[in-house]
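Encoded as structure tokens, the structure appears first; notes follow it.
Reminder, nothing fancy here: chain letters follow the sequence lines and each chain counts from 1. For clarity, every value in this text was computed on a predicted model and none was experimentally measured.
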Amino acid sequence: MRNALKPIAIVAALVMSHGTAVAQSTADDIAKYREMIADGNPSELFEMEGEELWKTPRGPMKATLEKCDLGMGPGVVKGASARMPRFFKDTGRVQDLESRLLTCMQTLQGIDPKLVIDGKFNSGERKTMAALVAYVVTHSKGDKVRVDMTNPQMKELYALGERAFYYRTGPMDFSCATCHGEDGKRIRLQDLPNLTKHEGAAAGWGSWPAYRVSNSQFWTMQHRLNDCFRQQRTAEPIYASDVTIALSVYMAAKANGGEVMTPGLKR
Amino acid sequence: MANPMRIRASAKDGVTEVRVLMSHVMETGQRKDASGALIPAHFITELTAKHNDKVVLSAQFGPSVSTNPYLAFKFKGGAKGDKVTVGWTDNKGESRADEVQIS
């Protein structure tokens, strides 16, 4: 928190000095703040670590991930995450980047996926995962979101994702759509993109995974979703479970054609 | 051992711009962990940047600088292929130095 307090306090002061600050000027000030911190995205530090990990023999099989097939052929990283989630023939499932990396870690290195699935964010194999993700997504920066929505399994998950997105639950009866289903909404000083429309989905999906300035952590999409389930006040989703992948398919499909800005830089 | 920095240096019209991203926790010594115990201070105290062997910037850092600090500065001179070295030391005596060629 401490690191973000200062800039945010400044933004807040600016907003207050406008008196009846209209939503637009707040959004402008947030944009200004983002611009100020945009140079020198510390995601690069995680990317460097991830690249190292990609090439380091690990696990019981003492192998690297250099033959990992992210959908573009063994070892091809460039442009891979822009096309995910996608259907993989070898596993017979639609996988997002993280579930696919779990497959690679298991088949190539012999690392038990449970270490990640039952792990904690920012520690152990989940921390390793975050660095690997940072490495992979950096190689899709500037690409376009291109998920294959002609695939029947993708269509199936899209339908599931849409249902999950509008599914109201928890003590507040929130759904994802409660916070992300209208234009011009914000919480505290955060713009909440309308993820049900192309523009908002492109902004939201296109800029995650991201480095979060407020806690100096690199967050994967699974981490982002996990925290939004918390904001929804509902049960914690199982890491890389179908519902998390389905929600990603839903958002990625809406974002299709938008620019990939990963790794993003967030509050 | 401290993690590597990412340094970029580029020369244009006789001026070199250097951008440095450091990997460091930058603990203030004011924060408490979940059990209420104080997290010991751990932050960069000194930083030196050199162009070949000449110091072009020296700085004192303190606990108010953010985690994973980012520093950008310019100096006069510098040509493609020259060396730029950046080094830091922290309050625990750990240090790290990395080097790049100007592009």
Side-chain angles (χ1 to χ4, degrees), chain A residues 1-11 33-56 120-124 127-128 130-135 137-139 141 209-219 230 262-267, chain B residues 1-10 12 15-36 38-44 47 49 57 59 61-74 84 86-88 90 94 96-100 103:
Chain A
M1 280 310 275
R2 69 199 152 90
N3 302 320
L5 284 177
K6 270 175 283 175
I8 287 181
I10 293 165
V11 175
Y33 164 64
R34 290 220 164 122
E35 212 174 284
M36 280 161 67
I37 60 174
D39 199 16
N41 184 344
S43 289
E44 288 187 24
L45 298 168
F46 295 82
E47 178 213 339
M48 283 163 81
E49 192 187 331
E51 181 169 12
E52 185 79 32
L53 282 161
W54 184 264
K55 298 172 179 166
T56 306
K120 282 203 172 99
F121 287 111
N122 308 314
S123 74
K127 199 172 169 200
T128 302
L132 289 168
V133 165
Y135 167 60
V137 302
T138 303
H139 286 80
K141 196 187 184 103
Y211 181 84
R212 298 199 57 189
V213 179
S214 55
N215 56 19
S216 312
Q217 295 169 359
F218 181 83
W219 277 26
R230 183 189 60 79
T262 56
L265 189 64
K266 300 282 172 177
R267 176 191 69 88
Chain B
M1 200 193 67
N3 287 324
M5 288 174 242
R6 175 152 278 198
I7 310 173
R8 290 195 186 87
S10 56
K12 206 184 150 201
V15 176
T16 299
E17 181 173 13
V18 184
R19 294 180 294 156
V20 192
L21 197 53
M22 291 158 254
S23 177
H24 202 286
V25 291
M26 299 300 286
E27 271 302 340
T28 60
Q30 311 278 331
R31 297 202 308 161
K32 289 178 178 159
D33 66 15
S35 64
L38 215 53
I39 305 172
H42 187 196
F43 54 85
I44 295 173
L47 177 136
L57 177 112
F61 274 38
S64 62
V65 176
S66 81
T67 309
N68 299 331
Y70 173 67
L71 171 75
F73 64 94
K74 293 175 183 174
V84 168
V86 179
W88 55 252
D90 68 23
E94 289 169 14
R96 173 90 210 178
D98 289 280
E99 180 185 301
V100 288
S103 65

Starting at [atom1] of [X], measure out to [atom2] of [Y] and round the result to the nearest 0.5 Å.
| X | Y | atom1 | atom2 | result |
| --- | --- | --- | --- | --- |
| S43(A) | R6(B) | OG | CZ | 11.0 Å |
| N215(A) | T67(B) | CG | OG1 | 9.0 Å |
| E49(A) | S23(B) | CD | OG | 7.5 Å |

Q) Does a sphere of radius 6.0 Å around CD in E52(A) hold more than 12 heavy atoms from other residues, nucleotides or ligands, not counting ones at 6.0 Å or beyond? A) no

Would you indicate whether K127(A), at its atom NZ, is surrounded by more than 12 heavy atoms from other residues, nucleotides or ligands within a distance under 6.0 Å? no

Closest non-hydrogen atoms of N68(B) and P42(A), given as atom of the first, atom of the second and distance, are CB-CB, 4.1 Å

Pair R8(B) + E44(A): basic N to acidic O under 4.0 Å: yes

Applying a strict 4.5 Å limit to non-hydrogen atoms, the region of E47(A) in contact with chain B is side chain

